[in-house]
Number of protein chains: 2
Amino acid sequence: MNYGVIMMMDRSCPGTVEPILEILDGKWTLLLLFELFNGTRRFGELRRKLQPISPKTLTDRLRLLEEKGIVTRTIYPGVPLHVEYELTESGQGLQPIFAAMWTWTQEYGSYLRKEPNEMGQETEKLV
Amino acid sequence: MNYGVIMMMDRSCPGTVEPILEILDGKWTLLLLFELFNGTRRFGELRRKLQPISPKTLTDRLRLLEEKGIVTRTIYPGVPLHVEYELTESGQGLQPIFAAMWTWTQEYGSYLRKEPNEMGQETEKLV
DNA sequence: TGCAATAGTTTCAAAAAATGAACTATGGGG
DNA sequence: CCCCATAGTTCATTTTTTGAAACTATTGCA
């Protein structure tokens with residue numbers, strides 16, 4: 001049973017990591033970040049890609065990410081005006097986390113199940 | 001602008017990673033997992049450590065994690081009966097994700113802010 | 001028989017998040 | 001002076017999540 005890394009982080013960790021879950025939280029955040037990992041995006045683009053997200057939810061999310069310093073918002077006046085959203089350095093720095101999630105899914109994703117006992121895994125024991 | 005890893009994962013990724021966010025989602029999940037990273041825990045122990053979580057929320061969380069194959073539940077009859085929760089292999093496999101979050105926080109945590117413009121960071125530009 | 005200690009469940013209320021529909025703002029062109 | 005396209009905002013409603021309080025179940029023992 002090797003808890004190496006976590007042992008190092010010990011108790012200070014939950015508190016340390018919580019702010020990040022505030023960032024990743026929310027129904028659409030994940031898709032939104034993936035969209036932005038692939039480059040600068042305009043409001044309308046995001047709205048189309050994340051269909052059927054509501055414009056309110058999209059602005060809520062973007063404002064939160066902006067507040068946390070994850071994205072920048074650049075306004076281009078002119079007709080019609082447009083606005084571009086782009087990841088900051090710390091926003092791009094989120095990638096290793098997603099990479100780790102991806103690795104986990106590769107390794108253990110097949111263990112996932114929705115129906116209890118679907119794959120004959122035992123998670124309940126009577127001793 | 002180096003989107004290396006994500007570029008590799010491309011579009012398949014959001015769908016691939018989503019199941020994991022289902023696991024990590026929820027107000028208490030993070031603390032709960034940290035508690036279990038440090039070893040086997042009984043229901044009452046978890047309840048005390050996560051105070052003031054309600055027993056309902058705790059069972060909801062544990063049942064979800066069990067369903068997803070992240071924890072096992074072992075019942076020890078006898079008086080008084082007790083139940084132990086323990087991470088499965090895939091549950092322990094979540095650690096690198098937390099490690100990546102921890103690294104992110106070390107690197108960028110200081111950029112985080114609650115109040116708009118608190119640290120003089122520019123996230124809004126007019127071009 | 002009833003109490004103690006464990007691990008829950010049940011029911012209902014409260015709070016938080018997401019949605020839908022309609023509306024605002026901007027400014028050049030017809 | 002109205003229209004177009006952009007990027008939102010506002011407000012009421014629905015859905016989801018969380019919580020609090022009280023209750024159930026098990027079983028050995030006094």
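Since the model is a prediction, treat every value here as computed from it, not as a measurement.
- At least one donor-acceptor pair under 3.5 Å links the side chain of A:Thr88 to the backbone N or O of A:Ile70.
- To the nearest angstrom, P of C:dA5 lies 17 Å from CZ of B:Phe43.
- Classification of the A:Phe34-A:Phe98 ring pair by plane angle, with boundaries at 30° and 60°, yields perpendicular.
- Remark: B:Lys68 engages B:Glu22 in a salt bridge, criterion side-chain N to carboxylate O under 4.0 Å.
- In this structure, B:Arg47 does not reach the C:dT6 phosphate: none of its side-chain N or O atoms is under 4.0 Å from OP1 or OP2.
- Contact annotation: B:Arg42 side-chain N/O to C:dA5 OP1/OP2 distance is not under 4.0 Å.
- Of all heavy-atom pairs spanning A:Thr74 and B:Val127, the tightest one is CG2-CG2, 3.1 Å.
- When rounded to the nearest whole Å, the span between CZ of B:Arg48 and C1' of C:dT6 equals 10 Å.
- As judged by a 4.0 angstrom heavy-atom cut-off over every strand, B:Tyr76 is placed among residues making no nucleic acid contact.
- Between the side chain of B:Glu45 and the backbone N or O of B:Arg42, at least one donor-acceptor pair lies under 3.5 Å.
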What one-letter contact string describes nucleotides 11-30 of chain C from 5' to 3', where B marks a base within less than 4.0 Å of any protein heavy atom, S marks contact via sugar-phosphate atoms alone, and - marks no contact?
-> B------SBB------BS--
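- Nucleotides of DNA chain D that come within less than 4.0 Å of any heavy atom of chain A span, from the 5' end to the 3' end, D:dA5 to D:dC11.
- Below 30°, between 30° and 60°, or above 60°: for A:Tyr111 and A:Tyr108 the angle between ring planes is above 60°, a perpendicular geometry.
- Judged purely by distance below 3.5 Å, without hydrogens or angles, the side chains of B:Tyr85 and B:Arg73 pair a donor atom with an acceptor atom.
- Remark: the B:Thr123 side chain and the A:Glu66 side chain contain an N/O donor-acceptor pair separated by less than 3.5 Å.
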